[in-house]
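The first residue of the sequence shown is numbered 1, and numbering continues consecutively from there. Since we're looking at a predicted model, the values are computed, not measured.
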Amino acid sequence: MNLIYFIYFNGKLNHYHELNLQYLRKYWGLFSGQKVVKIAVDGGYDISQILELLPDNCQFELVKNDPNLGEAKHFLNSFDQVSDGMTFYAHCKGVSRPKMEGLDIWIKNLYEINLNYVPDLSHKLFSGICGKLLPCPPYVPEPFHYSGSFYWFNTSKVKERLKAIEYNKYLTERFPAIIAKQDECLFGIMSSDKNLNFYDIRTWKSKYG
């Protein structure tokens, strides 16, 4: 199993760097294949605080952050570094947000549900949780997406369908529906045809409260 993981660091370590990288360390051993970790910065920051939080023996690539495209800038070229089996795409979620209880719960589920229960993608292309099974224009006009942009994909099948794709700030969310049809994907908890706000604690309380 492979991993593509993106970290944005603006020179200031915050709660969400620490929380996400805590989960990355917890599940690092799950990925026995290729691991592609990219740290994007705006300038010549001291990244030692981030490096201290990375898993042991984690190799990474330092890249220039694109303020207009964000993680999408480095998303597609990461595909050249993974092959075969299944790949999990994830990123340091929420690092530009203030601390929110709902966001903490969302991040917990994005890691734990996706990684404690690894899906079978032998006959599917993508799998994830928090699927929004409706268009959400203008950002995601496609008929579905995995809100939060954490998902598994069948590496070889997805790479077979790769084509010229226009870069867009929301490409990582739009990508599954660009590549696959809804019935070629698996959708876990909190997936529905409603445009739920997963940052809001009330969304989670309505499900688990």
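Here the options are Phe187, Phe88, Phe126, the test is ring pair (Phe, Tyr, Trp, His ring centres under 6.0 Å), and the partner is Tyr151; only Phe126 passes.
The heavy-atom pair separating Trp204 from Cys130 by the smallest distance is CH2-SG, 4.0 Å. Of all the heavy atoms in Asn68 and Asp66, the pair that sits closest is N-OD1, 2.8 Å. Here the shortest heavy-atom pairing between Pro98 and Tyr16 reads O-CE1, 3.5 Å. Scanning both residues, Pro135 and Pro141, for their nearest heavy atoms gives CB-O, 3.5 Å. Nearest approach of Asn114 to Ser127, heavy atoms of both residues: OD1-O, 4.4 Å.
Expressed to the nearest 0.5 Å, how far CG of Asp193 lies from CZ of Phe144 amounts to 14.5 Å. The CG atom of Leu134 lies 7.5 Å from the OG atom of Ser192; values are rounded to the nearest 0.5 Å. Taking CH2 of Trp152 as the start and CD1 of Ile129 as the end, the distance is 13.5 Å to the nearest 0.5 Å. Here the CG-SG distance, from Leu3 to Cys58, works out to 8.5 Å after rounding to the nearest 0.5 Å. The OG atom of Ser96 lies 13.0 Å from the NZ atom of Lys12; values are rounded to the nearest 0.5 Å. One finds the CD1 atom of Ile105 at 11.5 Å from the CD atom of Glu112 (value rounded to the nearest 0.5 Å).
Side-chain atoms of His17 come within 3.5 Å of backbone atoms of Tyr8 as a donor-acceptor pair (strictly under, hydrogens ignored). A donor-acceptor pair under 3.5 Å is absent between the side-chain atoms of Lys108 and the main chain of Ile113, judged by distance alone. Of the possible polar contacts, one joining the Asn14 side chain to the Val95 backbone as a donor-acceptor pair under 3.5 Å is found. Not a single donor-acceptor pair under 3.5 Å links the side chain of Lys35 to the backbone N or O of Trp28.
The side-chain heavy atoms of Arg174 and Tyr139, taken from C-beta on, include no pair separated by under 4.5 Å. Using a 4.5 Å cut-off on side-chain heavy atoms (C-beta onward), Phe153 and Asn2 make no contact. Side-chain contact between Thr87 and Val36: absent, with no pair of heavy atoms (C-beta onward) separated by less than 4.5 Å. The shortest distance between side-chain heavy atoms of Ile201 and Met100 does not fall below 4.5 Å. No side-chain heavy atom of Ile7 sits less than 4.5 Å from a side-chain heavy atom of Asn20. Looking only at side-chain heavy atoms (C-beta outward), Lys93 and His91 come within less than 4.5 Å of each other. At least one side-chain heavy atom of Leu62 sits less than 4.5 Å from a side-chain heavy atom of Ile39. Inter-residue side-chain proximity for Val118 and Met86 is flagged as met; some heavy-atom pair is nearer than 4.5 Å.
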Distance-only donor-acceptor pairs under 3.5 Å for side chains of residues 69-79, two or more places apart:
| from | atom 1 | to | atom 2 | distance (Å) |
| --- | --- | --- | --- | --- |
| Glu71 | OE1 | Tyr89 | OH | 2.4 |
| His74 | NE2 | Lys64 | O | 2.9 |
| Asn77 | OD1 | Lys38 | NZ | 2.7 |
| Ser78 | OG | Lys38 | NZ | 3.2 |
| Ser78 | OG | His74 | O | 2.8 |

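Here the two rings, on Phe150 and Tyr111, have centers that are under 6.0 Å apart.
Residue-environment remark: NZ (Lys169) stays at or below the threshold of 12 foreign heavy atoms within 6.0 Å. Residue-environment remark: OH (Tyr167) exceeds the threshold of 12 foreign heavy atoms within 6.0 Å. The environment of Asn57 atom CG is sparse: at most 12 non-hydrogen atoms of other residues, nucleotides or ligands sit within 6.0 angstrom. Few gaps surround CZ on Arg25; more than 12 heavy atoms of other groups in view lie less than 6.0 Å from it.
A search for salt bridge (charged side-chain N to carboxylate O under 4.0 Å, His left out) contacts involving Glu173 returns nothing, not counting sequence neighbours.
When the side chains of ILVMFWY residues are joined at heavy-atom separations under 4.5 Å, either directly or via intervening members, Phe31 and Tyr5 end up in a single hydrophobic cluster. No chain of hydrophobic side-chain contacts below 4.5 Å, direct or via other Ile, Leu, Val, Met, Phe, Trp or Tyr residues, connects Tyr146 to Val140. A continuous path of hydrophobic side-chain contacts links Val37 to Leu21 [ILVMFWY only; heavy atoms under 4.5 Å]. Val63 and Phe9 are not part of a single hydrophobic cluster, where members link through side-chain heavy atoms under 4.5 Å apart.
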*Going through the checks in order, is the side-chain contact (heavy atoms from CB on, under 4.5 Å) test met by Arg97 and Leu103?*
CA-CA 9 Å; Arg97 299 271 184 169; Leu103 180 53; 3.9 Å; yes

*Under the side-chain contact (heavy atoms from CB on, under 4.5 Å) rule, what do Lys132 and Phe198 come out as? Steps first, then yes or no, please.*
CA-CA 11 Å; Lys132 293 188 177 182; Phe198 294 113; 3.7 Å; yes

*Does the pair Phe175 and Ile165 meet the rule for a side-chain contact (heavy atoms from CB on, under 4.5 Å), with working shown?*
CA-CA 9 Å; Phe175 183 73; Ile165 296 175; 3.8 Å; yes

*Could you go step by step and tell me if Lys163 and Ile178 meet the side-chain contact (heavy atoms from CB on, under 4.5 Å) rule?*
CA-CA 10 Å; Lys163 53 190 177 181; Ile178 291 174; 4.2 Å; yes

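Neither side chain, Asn154 nor Lys124, offers a donor N or O lying under 3.5 Å from an acceptor on the other. Remark: the Asn10 side chain and the Tyr45 side chain contain no N/O donor-acceptor pair separated by less than 3.5 Å.
Of the charged side-chain nitrogens involved, none lies within less than 4.0 Å of a carboxylate oxygen, so that Asp183 and Lys181 do not count as a salt-bridged pair.
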